[in-house]
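Atoms considered below: every heavy atom in the structure, side chains included; atoms not considered: hydrogens, waters and symmetry mates. To find a chain, count down the sequence lines: A is the first, B the second, and so on, and within it residues start at 1.
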Amino acid sequence: MFSRAYRAVVTVPPLLWVTVFLLIPYALMFCYSFWMVSTSQTIVHSWSLANYRQLLTVDVYWQTLLRSMWIAARVMLFSLLLGYPLAYFLSFYAGAKKDLFYQLVIIPLWVSYLVRAYAWKTILGSDGVLNTLLQYVHLTKHPLEFLLYSPFAVVLTLTHIYTPFTFLPIYASLEHIPRNLVEASSDLGASPAQTFWRVIFPLSIPGVLAGATFAFVLSLGDFLAPLLLGGPSGIMISNIVVSLFGAAYNWPLGAAISLCMLVLVVSLLFVSERLEKKWSFS
Amino acid sequence: MLTREQPVAALEASATSSTLLDIHKIAKSFGKNVVLRGISLQVAEGEFLTILGESGSGKTTLLRIIAGFESATSGELWMGGERLDRLPPYKRRVNTVFQHYALFPHLTVEQNVGYGLRVAKHSASEIDAQVEQALARVKMTAYAKAKPSKISGGQQQRVALARALVKRPQLLLLDEPLSALDANLRRQMQLELKSLQREVGISFVFVTHDQDEAMVMSDRIALLRAGELEQVATPREIYSRPATSYAAQFIGHTNLLRADVRDGVAHCGSLFWTSQLPDGSALLSLRPENIEVAAPSGVPGKVRFRGKLRHKAFHGASELLQIECADGLLFSVRTEARSDWQGELEFEFDPADAFPVRNSEAA
Amino acid sequence: MEFLVSATNGSIRGSRWLLLHSVFVFAFLYLPIAVLIVYSFNGAGVGGFPPRNLTLDWYRTLFSDGAIWESVGNSLIVAAVAVVIALGLGIPAALALDRAQFPGKTLFRRLVLLPLILPGIITGLSLLMLFNEASIKLSLLTIVLGHGTALISVATTEVFAGLQKLDRAQEEASLDLGANYWQTFLRVTLPNLRLSIIGAALLIFTLSMDEIAVSFFLIGRDNTLPLEIWGRLRRGITPEINAISTIIFVFSLVAIVLWYRLRRSAEGSPEVAAELIETAVQGAES
């Protein structure tokens, strides 16, 4: 029913924009990753695999990448552990108060990421809220130093940030489960626990996958929380990229690392999408 | 074909004299799925034509091609000496009443009705006058300021009609407009629609899967099956002289008899009668109401058979009996409703009522 | 009766644990926000328990701080333009995904949606390289282009979801009544997408106001609010940050309440954000 002109008008402008501002930049990132920085601090457009060789051979790069993945994995796990039961409670037990609770989960998302990370800093610092509280009630004599400037602080903060994001798709998938399935299951003699593990959980897997992927991918690429709360032991891969694009001035190497992250993220999305298809039955 | 009599309906004749819409060899495929296989059909001025078919027969697609929402893979549409199929929907003097009415939820009833005039940039006073008239015609004046979600299905139906008619189309298309209404309201709307069409005098092309509806309302019925026209005729004609076994079964209820004609005698199971059909096998449609309980003394020229009563279905004034003969033949018989039908019964029918039809299955 | 309605005897205890867990999660989610608000009134500055010397000093400091308000102004401009760009391209993109077939459509869909889930650093850096190669000086304009591009994904997702719910017969009826494509778009399609578009605009505005990862790399001389805050945080903890965050939080709350009012007055589920995440991960099917 839509004329050719109509389809052209809606297709061409976004297509052009996406080409110029997404496709070409990714292509440029690809090109940069094969270029070099000369001794005179200019970028030389000569092609080599040197950056990738450096990535594999210099320990700090791949070790930091592994640490970032480990931090992201913990964030993902904790977000799921916090988010899933909450979603399950809201969807199945909260009754009429469901919408209110739902909005209560959303509201923290409207508070600036930066500000919430910073609030954790004021809580965890050596003369922060938590340490002074502990001393105030005489639980400790000296401030606990491990709280701030550690991977712990980074994981805690990122878990705080991504728990609502993990909760949302899980909640949505739980809400889409027809309630008569639960009734059918108990009618057939399944206990509540059996109903949960055999009916509800399997049907919520697409939501779990979406939430988990989101939390993992976005924590993996984070560089602000580590800068603010991570200290030297909490450095993540993006921090290295930031310094390569800044003071260290080695854009090509930074581009190579970014491209690795891009490939990693896209393949994760691919896997997650496959799994979700497998587990969605509608 | 054996239809020796000429078509009775005057409308049949007028259809050829003053054609409004000429559908010429319209075919449509969606990918490999062939939906319409070369439909040719004329709609006369002032005619109420029903396109009748099961779901998947292609009837809605044909309607959407006329309206301009789909383009045909091949074929042409002509209206008033103009190629209709090359015009976008908004330039066709054709309007549609949609299956679920498609009233704009964000506009009031009167804004809905005035929509077509407003986009055509008519003056406000003219729009008001015409909307008022259109609403009065469908008795919806009292609801002018209501939003569509606040009125009933039957009322929405009327608004949809008014909205289409206010554009004064030459042809009104109706896509199963009554299917969402419950049975009583539907019967009432059938009559209303019919009298409205007489009143405004424009051609209606009405799509439905409901054969009763088609019979009640139409001047002519175009029976569509798997993308092909099975028969185009008046309701009376299509009922009494179905062209094919499909038409016979789809319009009303029938017994299909497979007969073997040899030397002017038709044989069907153990039954036989003289026949003027050419030799060979023949398929005959015999309506249940043309079979009667046998008179005590045999009537000459009628065929008699005995059979056991297998089922009976009560229909109020009449009753439909399932009779199984000793040779395995099954008959549906419509009789007056009586509580004491049982056991072995004897029936008779006039072989002239067994009307030869083309076998659709073979097609 | 409604509460715990699906709990049978065996699961009531289970639901108590769930309730306890939920209370804990809410406490975890709200603790930093509470700290933020409380310490914005704390005379002794940030940290230190218990808070003491209730004061409005930090708000006073804040209101006389020119740099902060300049960055707020910059952020408002950036967010407003980003909304225009993202909607201006996201609406046609959603229409294209919904009703046009063209080569590379799948790639197009994935590219549009990618910035939703891609860490901001990748989007930011790839654009930085583009501007560098094209010798475009970094400024608020480059930030606007970055935000607009990244947030087309939000507009597309929202509007596409709205289009899926739109009864196609509505638009057919409009064409049938003589309205051309443009009139149909203005009078039928847009009004039906009203909620999706307002929702997308609010979300884009908020996300842009808060955006830092992309802006971090595209910043010129003028700071946006998050970058201004970031600069101060790097220098040390300053209580007026608590004050401005509290103000923004209150504004956000008002926006949420308005949005839910609007959303509820029409029908529809408030699952905007969930939809976004799922689309981000799964890619919208068309």
Salt bridge or not between [X] and [Y]? Use side-chain N to carboxylate O under 4.0 Å.
X        : Y        : answer
C/Asp210 : A/Arg116 : no
C/Arg168 : C/Glu172 : no
A/Glu183 : A/Arg179 : no

Can you confirm whether C/Phe251 is buried at CZ, in the sense that more than 12 heavy atoms of other residues, nucleotides or ligands lie under 6.0 Å from that atom?
no
Please walk me through it: do A/Leu109 and A/Phe165 pass side-chain contact (heavy atoms from CB on, under 4.5 Å)?
CA-CA 8 Å; A/Leu109 289 179; A/Phe165 286 113; 3.5 Å; yes
Measure the spacing between CZ of C/Phe131 and OG of C/Ser126 and express it to the nearest 0.5 Å.
9.5 Å
What is the ring orientation for A/Phe196 with A/Tyr84, classed by angle as parallel under 30°, tilted 30 to 60°, or perpendicular over 60°?
perpendicular
May I ask you to decide if the ring planes of A/Phe21 and A/Trp17 are parallel, tilted or perpendicular, using 30° and 60° as cut-offs?
tilted
What residue in [options] has the most heavy-atom pairs under 4.5 Å with chain C?
options                               : result
A/Tyr113, A/Phe270, A/Phe223          : A/Phe223
A/Leu23, A/Val105, A/Leu224, A/Val266 : A/Leu224
A/Val9, A/Asp222, A/Thr159, A/Ile161  : A/Thr159
A/Ala119, A/Pro13, A/Gly221, A/Ser3   : A/Ser3
A/Ile107, A/Val265, A/Val111          : A/Ile107
A/Thr163, A/Leu227, A/Leu156          : A/Leu227

Greatest number of heavy atom pairs closer than 4.5 Å to chain A - which of [options]:
options                                : result
C/Thr184, C/Leu36, C/Thr149            : C/Thr149
C/Phe216, C/Phe102, C/Phe108, C/Trp230 : C/Trp230
C/Leu175, C/Ile229, C/Leu253, C/Leu128 : C/Leu128
C/Met209, C/Glu171, C/Gln101, C/Glu211 : C/Glu171
C/Ile248, C/Val112, C/Leu145           : C/Leu145

ring-ring contact (aromatic ring centres under 6.0 Å, His included) with A/Tyr88: which of A/Tyr171, A/Tyr93, A/Phe167?
A/Tyr93
Segment of [X] engaging chain A (4.5 angstrom heavy-atom cut-off):
X        : value
C/Ile91  : neither
C/Phe28  : both
C/Leu225 : neither
C/Thr206 : side chain

Is chain C contacted by the side chain of A/Val115, its backbone, both, or neither, given a heavy-atom distance below 4.5 Å?
both
Counting only heavy atoms closer than 4.5 Å, note whether A/Tyr32 contacts chain C via side chain, backbone, both or neither.
side chain
Below 4.5 Å, heavy atoms only, C-beta onward: do C/Ile33 and C/Phe249 meet side chain to side chain?
yes
